[in-house]
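Comments concern the structure below.
Every chain is numbered from 1, with letters handed out A, B, ... down the list of sequences. These numbers were taken from a predicted model, which means no experiment stands behind them.
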Number of protein chains: 2
Amino acid sequence: MTTRTAGRPYHHGSLPETLVAHAVELLDEAGPDAVVVREVARRAGVSPSAPFRHFPDRAALLAAVAEAVAVDFGALQLAAVEAADALPFRALGKAFVHYALAHPHRFALLRDTVFTPARTPALEEGHRLFTEAITGVIIAGQQRGELRGADPDLVRIAAQALVYGLSQMFVDGYLDPTRADTLINDVIDLFGLGVLAPGSRL
Amino acid sequence: MTTRTAGRPYHHGSLPETLVAHAVELLDEAGPDAVVVREVARRAGVSPSAPFRHFPDRAALLAAVAEAVAVDFGALQLAAVEAADALPFRALGKAFVHYALAHPHRFALLRDTVFTPARTPALEEGHRLFTEAITGVIIAGQQRGELRGADPDLVRIAAQALVYGLSQMFVDGYLDPTRADTLINDVIDLFGLGVLAPGSRL
DNA sequence: ACATCCATGTGATCGCTGATTACATATGGG
DNA sequence: CCCATATGTAATCAGCGATCACATGGATGT
């Protein structure tokens with residue numbers, strides 16, 4: 001006799017989604033290493049081997065988690081840039097950093113998963129959307145004459161590196177998260193103006 | 001009777017160092033997760049429990065590895081900035097990115113360890129040296145009039161975020177490593193000049 | 001020179017994990 | 001109605017981190 005209650009039939013019905021949800025829970029609590037198949041199964045109320053019916057191995061489960069997180073993250077990024085009536089560059093950067101600070105473990109998982117050789121179409125697509133969003137902001141800015149005419153790809157890469165690095169430094173505890181907004185503003189200002197004195201080289 | 005040969009006495013003599021060396025080997029081969037205590041012991045030719053005589057747990061061994069790596073990394077950074085007769089900013093950035101590309105797993109370990117609450121004095125010191133190095137470069141540049149008079153701390157943070165983010169993007173496979181040098185040059189140029197058109201905001 | 005202390009290494013063992021296998025159950029198509 | 005199949009379970013395996021009692025031998029004091 002099993003311990004299953006009347007509420008849950010023998011066949012769960014939506015076990016994969018439930019497993020991913022509990023895995024995200026574990027991820028948020030204690031990082032990627034804490035996403036332990038057996039614990040996920042325990043929280044879902046199924047046997048330790050049940051998850052392997054739906055995911056070939058632990059890595060596949062983590063990949064599904066990464067996909068779910070990437071979708072969530074991408075949606076927030078898009079919402080942020082759409083909600084920004086002005087200064088979309090700043091809005092994008094802040095949304096990025098704020099997400100990383102709110103969900104540091106998700107940030108780590110995405111960092112380690114998104115660029116994996118075995119990345120799935122969904123991850124690829126999410127990433128493409130994000131890159132296009134920031135590229136669009138840059139090109140629009142250049143067309144309005146707010147940006148110098150530098151190579152948009154180069155500007156995008158620099159901007160991504162800046163916000164990416166900043167996020168990581170906040171998450172790592174190297175920078176004080178309570179100063180996030182002002183610091184982002186200042187760094188973006190600096191990036192806009194440059195640090196070079198006329199006639200010099202770095 | 002044990003299988004130990006004449007070469008190695010019962011008491012190893014320098015087991016901690018040997019263990020760390022093999023751990024670095026494993027780290028370089030397959031990342032932090034591959035630093036498995038038992039495998040380290042195997043490679044050192046000792047019993048599975050021997051490492052625990054010198055490190056209270058696996059995390060402590062990894063911390064020792066991180067210290068060793070941090071020393072190595074810091075030395076290379078200092079050498080790079082000293083060897084650079086001109087454009088020290090560029091030299092520092094390239095040295096950073098090149099180290100990350102040459103040893104991606106060490107880069108990951110440092111990222112996850114250096115800012116840990118339980119970081120050791122050695123790590124702290126290594127990090128302080130690095131921060132001071134880049135701050136020195138910035139202040140010297142400002143004194144020679146090559147840099148605008150912006151807050152040196154802000155410039156340093158932005159520069160660190162830029163080179164840090166760029167390194168991560170290379171390591172993650174998002175940017176083509178073979179273009180590293182030109183891309184670093186271009187991004188640093190861009191950072192120096194800024195992207196803002198006169199009279200605009202980002 | 002000798003006895004002894006104790007740092008260092010060993011072997012056995014524990015609980016936990018990822019993964020595989022044979023078996024149980026229920027659902028939906030013929 | 002019946003059974004093929006998808007989905008869940010139980011039992012089991014090897015590998016892992018960690019602990020403990022025990023073995024060994026180098027260093028120390030007299």
Side-chain angles (χ1 to χ4, degrees), chain A residues 1-27 29-66 109 112-113 116 118, chain B residues 1-27 29-66 109 112-113 116 118:
Chain A
M1 170 199 166
T2 64
T3 55
R4 76 173 182 275
T5 54
R8 187 182 132 281
Y10 186 92
H11 285 281
H12 184 287
S14 57
L15 188 50
E17 297 85 335
T18 304
L19 291 174
V20 169
H22 285 289
V24 170
E25 209 176 281
L26 282 167
L27 171 69
E29 285 172 20
D33 285 351
V35 179
V36 170
V37 177
R38 294 176 100 102
E39 177 62 22
V40 173
R42 238 169 267 139
R43 297 195 176 193
V46 295
S47 77
S49 53
F52 291 96
R53 287 284 171 202
H54 303 274
F55 303 96
D57 54 18
R58 195 188 93 105
L61 174 58
L62 269 179
V65 171
L109 179 65
D112 295 341
T113 313
T116 296
Chain B
M1 168 197 166
T2 64
T3 53
R4 75 176 183 275
T5 54
R8 187 183 132 277
Y10 186 92
H11 286 281
H12 184 287
S14 56
L15 187 51
E17 297 86 336
T18 304
L19 291 173
V20 169
H22 285 289
V24 171
E25 209 175 282
L26 281 167
L27 171 68
E29 287 172 18
D33 285 351
V35 180
V36 169
V37 178
R38 293 175 103 101
E39 177 62 22
V40 173
R42 237 169 268 138
R43 296 196 178 193
V46 295
S47 76
S49 53
F52 291 96
R53 288 284 169 203
H54 303 274
F55 303 95
D57 54 17
R58 195 189 93 106
L61 174 59
L62 268 178
V65 170
L109 179 65
D112 295 341
T113 314
T116 295

Five-pair end axes of the helix from C:dA1-D:dT30 to C:dG30-D:dC1, angle between them (10°): 0°
What's touching nucleotides 17-20 of chain C from the protein side, N or O pairs under 3.5 Å?
{"residue": "C:dT17", "atom": "OP2", "partner": "A:Arg42", "partner atom": "NH2", "Å": "2.7"}
{"residue": "C:dG18", "atom": "OP1", "partner": "A:Val37", "partner atom": "N", "Å": "3.0"}
{"residue": "C:dG18", "atom": "OP2", "partner": "A:Val37", "partner atom": "N", "Å": "3.2"}
{"residue": "C:dG18", "atom": "OP2", "partner": "A:Arg38", "partner atom": "N", "Å": "3.1"}
{"residue": "C:dG18", "atom": "N7", "partner": "A:Arg38", "partner atom": "NH1", "Å": "2.6"}
{"residue": "C:dG18", "atom": "O6", "partner": "A:Arg38", "partner atom": "NH1", "Å": "3.1"}
{"residue": "C:dA19", "atom": "OP2", "partner": "A:Arg58", "partner atom": "N", "Å": "2.8"}

Nucleotide D:dT19, atom P - distance to CZ of B:Phe55 in whole Å: 16 Å
Nucleotide D:dA18, atom C1' - distance to CG of B:Leu61 in whole Å: 14 Å
Those residues that, when tested against A:Arg42, pass side-chain hydrogen bond (donor to acceptor under 3.5 Å, both in side chains) (two or more places apart): A:Glu39
Sequence neighbours excluded, every pair satisfying salt bridge (Lys or Arg N to Asp or Glu O under 4.0 Å) that has a member inside residues 14-27 of chain B: B:Glu25-B:Arg43
Presence of A:His54 side-chain N/O under 4.0 Å of D:dA6 phosphate oxygens OP1/OP2: no
Could you list the donor-acceptor pairs under 3.5 angstrom formed between side-chain atoms of residues 48-58 of chain A and any protein atom two or more places apart in sequence or on another chain?
{"residue": "A:Ser49", "atom": "OG", "partner": "A:Ser47", "partner atom": "OG", "Å": "3.4"}
{"residue": "A:Asp57", "atom": "OD1", "partner": "A:Ala59", "partner atom": "N", "Å": "3.4"}
{"residue": "A:Asp57", "atom": "OD1", "partner": "A:Ala60", "partner atom": "N", "Å": "3.0"}
{"residue": "A:Arg58", "atom": "NH1", "partner": "A:Val35", "partner atom": "O", "Å": "2.6"}

d(CG, B:Leu15; P, D:dT24) in whole Å: 19 Å
Which atom of A:Ala66 lies closest to which atom of A:Thr113, heavy atoms considered: CB-CG2, 3.6 Å
Value in whole Å for how far the P atom of D:dT7 lies from CG of A:Leu19: 12 Å
Check against side chain to side chain contact (heavy atoms under 4.5 Å, CB included), B:Val37 and B:Leu19: CA-CA 9 Å; B:Val37 178; B:Leu19 291 173; over 6 Å; no
Closest non-hydrogen atom pair, A:Ala44 against A:Thr18: CB-CG2, 4.2 Å
